[in-house]
Amino acid sequence: MRKLLENLAYSNTVVAGSAAALALTHSIRFPHIPASYALMVFFATLAAYGYMHLSGSFGGGTKAEHPVLAFTARHSSFLQLISGASALLALGLLVGMHLHSALWLLPALFTSALYPSSRFWRKGLRSFPRLKLPLIAFTWSWVCAFVPLYTADAPFGLILLRSLFVFFWIGSLAIAFDIRDLEFDDSSIQTSAQRGRSDALRLAQLCNLFAFCLLLTEHSLFSSCGSCVLFVVVPGLLTAWGLRRINDRSDPLFISFHMEALPILLAMMIWIVQP
C-alpha cells in the first residue's frame, strides 16, 4: 500500500488531482464553466510539476536524497513522457477554450515556466529569498479560483473571497512542504521553515484558520445551504490536525499524499452540499 501511495504522490498525480478538484468546484455553481477547464488544470499541473521536478525545481543545493527527486531520478524517462503528453493535452484543451480565458492564464504559465532553475537560467524564481511560498499560493489561487470565476462573470465578492481562500489555504499546505524540504533546501531561499520550524507551523495554522473563515463567509453570503458549514470545515479541521502531526513527526509521504489530497476532499464536501 505504501508503494502505491508513493507512486501516486511522487508522480504528481495527487497534486494534479487536487488542483483539478478545486477548479471543478466552480462548475457546480456556474454550469457554463466547462468541466474541460478542470481537466485542463489537471494536465497542466501534471506537466508543470513534472517539469519542475525534472528540472531540479528544488535546486540551489537540494540533495538527491529528497524523496520526490529520488523518485524522479528513478523514473525520469516515464515522467518525461507523462509530462510531455500532459502538456500537449493541456494545450489542446486550452486551444478549445475561449481566447479571453486562455489569455488570463498567461501569468500562471510564465510563473510556472520561470519557477525552477534550469539549463536556460541558473536561478529560477523559487531561488529568490522568501518567494517560494507566495509564488505557489498565487499560482494556485489564480488558476483554480480567479480565472474560472472571473471569466464566468461571478460576483466580485465571491471571486475575492474564493481567491483569497485558495491563496491562504494552499499557503498553509505549502508550509508543510517547506518542513518536508527543510534539510534539502538551500538556506539562501529563506523558506518559512528555515526561519523557524515552530513559527512556520504557527503561521500555517493561522493561514488555515483564516482560509476557512473566508470560505465560511463566502458560503454565508453566496450559498443557500445552511448545513454546508458541517461539511466545508472538515478539510480545515484535518489540515489543522495534519499540521500538528507534522510538528511531532514530519513523514514525507504523509505530507506528499495525505496533506496534498485535502483539496480533493474539499471538492467532495462542496459537491455533496450543493442543492
Side-chain angles (χ1 to χ4, degrees), residues 2 5-6 8-10 12-19 21-22 25 45 49 57-58 62 66-68 126 130-141 144-145 161-185 187 189-219 228-270:
R2 184 177 178 86
L5 297 184
E6 288 180 349
L8 290 172
Y10 300 153
N12 309 309
T13 304
V14 174
V15 68
S18 290
L22 282 178
T25 59
T45 305
Y49 274 75
S57 66
F58 298 98
T62 299
H66 188 286
V68 178
R126 78 175 301 281
R130 305 189 180 189
L131 201 55
K132 176 184 173 184
L133 189 151
L135 283 174
I136 294 172
F138 161 76
T139 304
W140 277 68
S141 176
C144 299
L161 287 169
R162 181 59 68 93
S163 298
L164 288 174
F165 160 71
V166 174
F167 181 89
F168 283 103
W169 191 35
I170 295 301
S172 73
L173 296 176
I175 289 174
F177 288 86
D178 279 349
I179 292 171
R180 183 197 67 183
D181 302 338
L182 185 57
E183 62 181 295
F184 305 107
D185 277 336
S187 59
I189 66 176
Q190 299 179 32
T191 65
S192 56
Q194 289 172 343
R195 299 193 297 274
R197 178 189 174 111
S198 298
D199 289 343
L201 283 167
R202 281 194 287 269
L203 176 62
Q205 294 285 21
L206 183 62
C207 286
N208 177 51
L209 177 61
F210 186 49
F212 278 85
C213 286
L214 288 167
L215 186 63
L216 291 176
T217 301
E218 175 207 319
H219 277 267
C228 66
V229 173
L230 300 175
F231 289 88
V232 298
V233 298
V234 171
L237 294 173
L238 288 176
T239 302
W241 169 79
L243 291 170
R244 286 182 59 87
R245 185 181 188 275
I246 292 168
N247 188 42
D248 299 327
R249 181 168 59 91
S250 53
D251 176 17
L253 182 58
F254 175 80
I255 296 171
S256 297
F257 184 87
H258 295 86
M259 296 294 286
E260 204 160 58
L262 284 172
I264 299 176
L265 176 63
L266 175 67
M268 293 172 59
M269 297 294 99
I270 293 177

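Here the structure is a predicted model, which is why all the values come from computation and not from measurement. Numbering starts at 1 and runs along the sequence shown.
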Inset, instruction - To the nearest 0.5 Å, tell me how far Met269 CE sits from Leu215 CG. - result: 12.5 Å

Legend entry - Nearest heavy-atom neighbours spanning Trp140 and Tyr49: NE1-OH, 3.1 Å

Legend entry - Residue pair Phe168 / Leu206, side-chain heavy-atom distance below 4.5 Å: no

Legend entry - Backbone of Ala137 reached by a side-chain donor or acceptor of Ser141 within 3.5 Å: no

Inset, instruction - Give, for atom CZ of Arg202 and atom CG of Asp199, the distance between the pair rounded to the nearest 0.5 Å. - result: 4.5 Å

Legend entry - Nearest-0.5 Å distance that lies between atom CZ in Arg180 and atom CG in Asp251: 11.0 Å

Inset, instruction - Taking the side chain as every heavy atom from C-beta outward, state whether Arg245 and Phe254 have any pair of such atoms under 4.5 Å apart. - result: yes

Inset, instruction - Among Thr239, Leu203, Ile175, find the residue that satisfies the side-chain contact (heavy atoms from CB on, under 4.5 Å) test when tested with Asn208. - result: Thr239

Inset, instruction - Write down the atom of Pro67, the atom of Pro252, and the distance for their closest heavy-atom approach. - result: CG-CB, 3.8 Å

Inset, instruction - Considering non-hydrogen atoms only, spot the tightest contact between Phe167 and Pro134 and give its length. - result: CE1-O, 4.0 Å

Legend entry - Partner of Glu260 under side-chain contact (heavy atoms from CB on, under 4.5 Å), chosen from Val15, Asn12, Thr13, Leu8: Val15

Inset, instruction - Calculate, to the nearest 0.5 Å, the distance between atoms CG and NE2 belonging to Leu5 and His258 respectively. - result: 6.0 Å

Inset, instruction - Determine the minimum heavy-atom distance between Ser18 and Ala261, stating which atoms define it. - result: OG-CA, 3.6 Å

Legend entry - Option from Thr217, Leu216, Ile170, Leu266 for which side-chain contact (heavy atoms from CB on, under 4.5 Å) with Phe165 holds: Leu266

Inset, instruction - To the nearest 0.5 angstrom, please state how far the CG atom of Leu173 sits from the CD1 atom of Ile255. - result: 10.5 Å

Inset, instruction - Compare all side-chain heavy atoms of Leu243 with those of Asn247 and state whether any distance is below 4.5 angstrom. - result: no

Legend entry - Side-chain (Ser172) to main-chain (Cys207) donor-acceptor, under 3.5 angstrom: no

Legend entry - Minimum heavy-atom distance between Ala16 and Thr45, given as atom pair plus value: CA-CG2, 3.7 Å

Inset, instruction - With rounding to the nearest 0.5 Å, note down the distance linking CH2 in Trp241 to CE in Met259. - result: 9.0 Å

Legend entry - Leu262 and Trp169: CA distance, side-chain angles, deciding distance, side-chain contact (heavy atoms from CB on, under 4.5 Å) verdict: CA-CA 10 Å; Leu262 284 172; Trp169 191 35; 3.8 Å; yes

Legend entry - Gln205 side chain to Ala240 backbone, donor-acceptor under 3.5 Å: yes

Inset, instruction - Of all the heavy-atom pairs spanning Gly171 and Leu133, show the shortest one and how long it is. - result: O-CD1, 3.7 Å

